[in-house]
Every structure is written in C-alpha cells, then in structure tokens.
Amino acid sequence: MKAFLSALSVLVLLSCAVTVNSIYVQAKTEALANAIENLPTKPEEAELGDVRTKWDKLEPVISYSVSHKETDQIADALADLESHQKTGEEKEYHAAREQLLELVRRLSESEGVSIKSIF
C-alpha cells in the first residue's frame, strides 16, 4: 500500500509541475507575441529591446521543456528581425516579424493546456 501511495504522490507532483510549467510558458509566450504584434510597421521606428529582453528571460526557463530546435528557430528569427530592423529593409522586416510571430504562437499553442495539445 505504501508503494501505491508513493507512486500516486509522485504522479500528482509531476502532474502539478507539468501544469504549472505549461501555464507559465503559455502566459510568457503570449506576452512575447503581444510585444511582437505591437511593433511599429516601420523598421526605423521599431524598438526591439523589449522583445529581446522578454525572450532572453524566457529562453533559459523553457529550454527544459521545449526542444532546442524550437528555441533555436525563435532565436534565429529574432536575430533576423533585428538585422532587418537595423538595415531598414522594410519588406524583409515584415517577413521576419511575421515568421517570428508565427513561431512564438506555435510554441504557445504546443505548450498550452488544451484538448488539441493532448490529442
């Protein structure tokens, strides 16, 4: 009986940890997506410091539960966005912004607690 209760306790503890992680990642990625959405349309008016700061704080935490491929894709897309913002390439800036936004949204959906992410 003690083994069963121990196993049940571990299951409950792990379930709570996964749920808390999922809620945290989803909330932080949604905040990051909002920051990306609120960027100005003109590259010369954009200030990417807030987006970079949010990502730099989030990446070490989510790297425990998200594949490195996904985090690397987001880091690369953010670097592309910063590069196009600095050079003032408007068309490329918009494309990089949309790509980064899509990657962050996909991460948020995949880590969130929903029927879609379970099945």
For a quick test of your reading: what N or O donor-acceptor pairs under 3.5 Å do the side chains of residues 65-72 make, sequence neighbours left out?
{"residue": "S65", "atom": "OG", "partner": "N21", "partner atom": "ND2", "Å": "3.0"}
{"residue": "S67", "atom": "OG", "partner": "E70", "partner atom": "N", "Å": "3.4"}
{"residue": "S67", "atom": "OG", "partner": "E70", "partner atom": "OE2", "Å": "3.4"}
{"residue": "T71", "atom": "OG1", "partner": "H68", "partner atom": "O", "Å": "3.0"}

Return all side-chain donor-acceptor pairs below 3.5 angstrom for residues 1-14, not counting sequence neighbours, or 'none' if the list is empty.
{"residue": "S6", "atom": "OG", "partner": "K2", "partner atom": "O", "Å": "2.9"}
{"residue": "S9", "atom": "OG", "partner": "L5", "partner atom": "O", "Å": "2.8"}

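The main-chain N or O of V104 is never found under 3.5 Å from a side-chain atom of S108 such that the two would form a donor-acceptor pair. Listed for the S83 side chain is no donor-acceptor partner under 3.5 Å among the backbone atoms of A79.
With sequence neighbours excluded, no residue satisfies side-chain hydrogen bond (donor to acceptor under 3.5 Å, both in side chains) with Q99. Checked against side-chain contact (heavy atoms from CB on, under 4.5 Å), E92 has the following partners two or more places apart in sequence or in another chain: H84, E89. Under the rule for a side-chain contact (heavy atoms from CB on, under 4.5 Å), K86 has no partner lying at least two apart in sequence or in another chain.
Put simply, CG on L107 and NZ on K28 are 14.0 Å apart, with the number rounded to the nearest 0.5 Å. Interatomic distance, CG of L32 versus CD1 of I36, reported as 4.0 Å (0.5 Å rounding). Atoms OH and OG1, from Y93 and T87 in turn, are 11.5 Å apart once rounded to the nearest 0.5 Å. Separation of atoms NZ (K57) and CD1 (I62) is listed at 15.0 Å; rounding is to 0.5 Å.
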Give the intermediate values and the outcome of side-chain contact (heavy atoms from CB on, under 4.5 Å) for residues L81 and V51.
CA-CA 11 Å; L81 181 63; V51 174; 5.5 Å; no
For a side-chain contact (heavy atoms from CB on, under 4.5 Å) check, start with the C-alpha distance between R106 and L103, then their side-chain angles and the critical distance, and finish with the verdict.
CA-CA 5 Å; R106 191 175 338 143; L103 289 169; 3.7 Å; yes
Going through the distances and angles, do L48 and W55 end up as a side-chain contact (heavy atoms from CB on, under 4.5 Å)?
CA-CA 11 Å; L48 299 176; W55 174 247; over 6 Å; no
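Within the structure, the salt bridge (charged side-chain N to carboxylate O under 4.0 Å, His left out) test picks out the following pairs touching residues 42-53 (sequence neighbours left out): R52-D56, R52-E82.
Under the 4.5 Å side-chain criterion, counting only non-hydrogen atoms from C-beta, Y24 is in contact with L58.
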